[in-house]
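Notes follow once the structure below has been shown.
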Amino acid sequence: MPQKIVKSKIIFEGEIVETIGEVSTEEYERWGANENLKVVGKPVSRIDGYDKVSGSAVYTFDKILQRMVYARTLRSPLPHAKIKRIDISKALKVNGILDVITFQNTEDIDWYWNSSKLFDPHLRYQGDEIACAAAETAELAEQALKLIEVDYDELPFAVNTKKALESDPEKLTGFKKPDLFTYDRGDFSKGISESDESVEDTFTTPVVIHNPTEVHCSTVAWDGGKLTVWDSTQAIFSVRNAVADSLKININDVRVIKKYMGGGFGSKLEAGKYTVMAALLARRLGRPVKIYLDRREMNLAVGNRPDSHQTLKVWGKRDGTITAMSYKSFGAVGAYPQGAAANWPFRTMYKCPNIKVEDQNVFINAGRARAFRAPGHVQGVFALDSIIDDFAYKIGMDPIDLRLKNYAEVDQVFNVPYTSKLLKEAYSAGAQAINWDLRNKIPGSGNGVIKRGIGMASQIWWGGGGPPAHAMLKLERGGYLTVISGTQDIGTGTYTILAQVAAEILEIPMEKIEVILGDTGVGPYAPSSGGSQTIASVAPAVRDASEKMKSKLISAAAAIMEIPEDKIKYNNGEIESIEDPAKKLSIADILKELREESLLMNGSREANPDGYTTNSFGAQFADVSVDTETGKITVNKIAAAHDIGRPMNQKTLENQFHGGILQGLSYALMEERVIDESTGQVVNLNMHDYKIPTVKDVPKIEIIIVSKSDDLVNNVGAKGIGEPAIIPTAGAIANAVYNAIGVRIKSLPITPDKVLNAIYKFN
Amino acid sequence: MSKKKGISRRNFIKGVGTGVVGSYVVVPALNNKAAKNLSDNEELQLKEGWQVLSLKVNGKKIITKVKPNTLLVDLLRNELQLTGTKVVCNQGECGGCTIILDGKPVYSCQMLALDANGKEVTTIEGLLLGEELHPLQQAFVDEDGLQCGFCTPGQIMAAYGLLLKYPDPTDEQILNGMSGNLCRCAAYPKIIKSVKAAASRIK
């Protein structure tokens, strides 16, 4: 069977990762456009739809086990302190309390890449874990937490990123200042000397919180030395490994299961402390433990999109040629090591031979950042596309023409071509959909109180996926197929799309296909559901397995019909003799004849092509109205034109784009974690004070997919769409607001007060 | 829309004892501890002031005892194991726990279980006919009015309440009726489509 182990590079959430893994070396004929296909690309309804609308879908939060007890967590109320004394004796007297764990009665378990412990008496942010209590009910556990006495040594803190940057970082967290990231390309001073004009500005973006609807939670149960973990996670294998390492038990003694999950958006890509705490309690008690966070904890302690303070300068010629660009930024990673950089789009989006980048991560005494749907790119594109528009207006050029003038034909960081790039097509489709010509040629030149404006921004992301990613097929009596893989469906439609791929190849009806994902005890390895890599990694493995299953069916038919294999063809889900088409067998016929009543097949993702970078591209266009008396912004329409390779399922694709665009819209206009700088307390810890969009905030959305397939990237031609959808929205809205009122608001979210202040200052 | 009827902050609810929750049936037997040979559990229940509660859930009569501060959503999820109803914010901000109480959508995290005494509750599970989806549920599948699915039961129950009141809702009525239910995946455009499709199918 053509398989081999290779070393390959994939880019995950902006990190270049070198992996060694098994790949398929089969080359399959490309499918062409979706019009040629029967199932893939069609608006197929979710195969897990029934479970989700009937209430029968059991999420981790819903998991109930016999003799299960509940655990809740005590968190630091202070932004920076050391625990002087902790006394759990009163808590242990609560009727129904079973156990309380703290740093005093548990072993040291390393956390945050060995920078801290599971329970660290040095508390570095409001929300840091102090203790965990298990009781017969969650309410009793919460009651016990209130009776834990803690004396603190309060320490100096900083929650303002700029102030933290100017302070001694070791006094804030005990960690050294992170290294400055730098990147240089070309001859910077030559670039400047060639220019006629320049623009410079500083843009800031807020910390925003994922707030998935299902809180972070786990239910854990020991069976002797074996641990089963139901976890609300985007990464079952990462959780398995982290839990096994933390508890110092064998990896194959931990099984992690996630069938359904109520959203993650990046916040569930790593194992949580809570899972390990639950496992410790469950082991001590000999009973299953369910642990969950509440909404307040969700807003404190499970990650965020870091803020950014980006200063960009663009130099160029009057004909629009950009000759040099510089980027200097800093952003807060929170209280523990993480990345906050936002400079990737700056380095790659537009053609510029001479650039300079400096990006500084800053520790502050607040919740740690985590990947959040297109980490870095959402912040980066807002700043980049704002300054690009500024340059266009400065030299009196159409903003799209400026982008076309500086169109990057190759990846400028790796200096290799793209597997595909249809950004020009996206510009032209998006411009048409939004009526680009109706924009104000001079920003702010519209009449009346309500001013309308049009703006756009570009999108770049990876999302080509890569190996290793495996799938198994089990074809059973009656012709029923089960697809099994160790990836997970986090609501994006993975269950359905993988079934579509198998249905396409084997020509088995969708109703006869079952998909099992999200179980380390069952599925072969497949990647975490992040980086928009799931479908581009796993769907090709399913195709590989399906094509090989087809060959196996032909060989089985040959044995049964006693005809040579090369005289048999696969046709419409039946296996027939080429010479005598009347001689044929259905899949069910074949399986009936087989002693084992089932056929098994494995498949793997192929290696990524050498000498290319895979990126998705796109552009979004916004049409907004700004009320210059109240500052209220109404988004009338977003037109989203994207090159995402092959669209795999029209329904789930539209939903992903709607979700990305609306999260981008609320990033632009609503969302912001607010901390009181004098106390270090987060003030908006719920879904009322932390604004996210409702059904009433939905503008008209038009989605245009300009790509048919990316035939180089993988055997199904798909690139991911979850993250591309959110990347350009805020930039497009910010540029539209500028186009409407003629004054740029450089800080997100663009709230009415900022609009009114900007207009007031401008006049 | 009358969804917020009966709202009070959860923390307030948690702090109140039986004295404040005035209007419930006090079961005389429970007040006579000495006369009975009570088990530990019964004694605890007596101490905590547990009350008998009688209500209809999805057409079935339920008689049970609850602690007075038990929330309706906790009764449904923990006691009756109807986990289709979700808890998302647990303080009346998101609609994830929406159920139908006597024909009107309410946030079940904002109600004491005892507030449902003598009333009729319908949860997402109650819309099914056997294993068969209600046309409204089927519309959410057909129009893909969901992504992760966690807010979906609340969305569907809000839509159910909306359609009870307005069988043929205008766009504005749909937006108002669904605006108390947050969806972080922001499947809103397809949620609207689902509600519209359901309205025209049920008509």
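Order of the sequence lines sets the chain letters (A, B, ...), proteins ahead of strands, with each chain counted from 1. Hydrogens, waters and symmetry mates play no part in the numbers below; they use all other heavy atoms, side chains included.
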Heavy-atom proximity to chain B below 4.5 Å, by part of [X]:
X        : answer
A:Ile64  : side chain
A:Tyr70  : side chain
A:Tyr260 : neither
A:Pro212 : backbone
A:Thr652 : both

Contact class of [X] relative to chain A, heavy atoms under 4.5 angstrom:
X        : answer
B:Leu136 : neither
B:Cys94  : side chain
B:Ile192 : side chain
B:Lys67  : side chain
B:Leu127 : neither

When rounded to the nearest 0.5 angstrom, what is the spacing between [atom1] in [X] and [atom2] in [Y]?
X        : Y        : atom1 : atom2 : result
B:Glu125 : A:Ser56  : CD    : OG    : 8.5 Å
B:Lys193 : A:Glu654 : NZ    : CD    : 6.0 Å
A:Glu139 : B:Leu71  : CD    : CG    : 8.5 Å
B:Arg184 : A:His210 : CZ    : NE2   : 9.0 Å

Counting heavy-atom pairs under 4.5 Å with chain A, the top scorer among B:Leu44, B:Thr152, B:Val87 is B:Val87
Pair count under 4.5 Å, heavy atoms only, with chain A: among B:Asn78, B:Ile124, B:Thr123, highest is B:Ile124
Without swapping roles, check the side chain of [X] against the backbone of [Y] for a donor-acceptor pair under 3.5 Å.
X        : Y        : value
B:Tyr188 : A:Leu662 : no
A:Tyr50  : B:Glu131 : yes
B:Gln91  : A:Met687 : no

By residue number, those in residues 141-151 of chain B with heavy atoms under 4.5 Å from heavy atoms of chain A are B:Val141, B:Asp142, B:Asp144, B:Leu146, B:Gln147, B:Cys148, B:Gly149, B:Phe150, B:Cys151
### Query
Can B:Glu93 and A:Arg296 be counted as an ion pair, charged N to O under 4.0 angstrom?
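So B:Glu93 does not pair with A:Arg296 through a salt bridge.
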Check: Around A:Lys259, counting heavy atoms of other residues, nucleotides and ligands shown, do more than 12 lie under 6.0 Å from its NZ?
Finding: no
- request: Report, as yes or no, whether the 6.0 Å neighbourhood of atom NZ on B:Lys56 holds more than 12 heavy atoms from other residues, nucleotides or ligands.
  value: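 No, because the 6.0 Å sphere around NZ of B:Lys56 holds 12 heavy atoms or fewer from other groups.
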task = Just give me the residue among A:Asp697, A:Val215, A:Asn211 that pairs up with chain B most often, heavy atom to heavy atom, under 4.5 Å.
result =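 Ranked by contacts with chain B, first place is A:Asn211.
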With sequence neighbours left out, the residues meeting salt bridge (Lys or Arg N to Asp or Glu O under 4.0 Å) with A:Asp48 are A:Lys52
- prompt: Tell me, do B:Ile191 and A:Val695 make a side-chain contact under 4.5 Å, heavy atoms counted?
  reply: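 The answer is no; the side chains never approach within 4.5 Å.
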Can you confirm whether B:Asn90 sits close enough to A:Asp294 that some side-chain heavy atom of one is under 4.5 Å from a side-chain heavy atom of the other? no
| message | Test side-chain contact (heavy atoms from CB on, under 4.5 Å) on B:Met178 and A:Thr694; report intermediate values, then the result. | response | CA-CA 8 Å; B:Met178 302 304 292; A:Thr694 74; over 6 Å; no
Closest non-hydrogen contact found for B:Pro189 with A:Ile701 is CG-CD1, 4.5 Å
Tightest non-hydrogen contact, residues B:Leu133 and A:Ser54, listed as CD2-CB, 3.9 Å
Self-check item: Candidate list B:Leu82, B:Thr85, B:Thr83, test side-chain contact (heavy atoms from CB on, under 4.5 Å), partner A:Asp62, passing option
Solution: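 Answer after filtering B:Leu82, B:Thr85, B:Thr83: B:Thr83.
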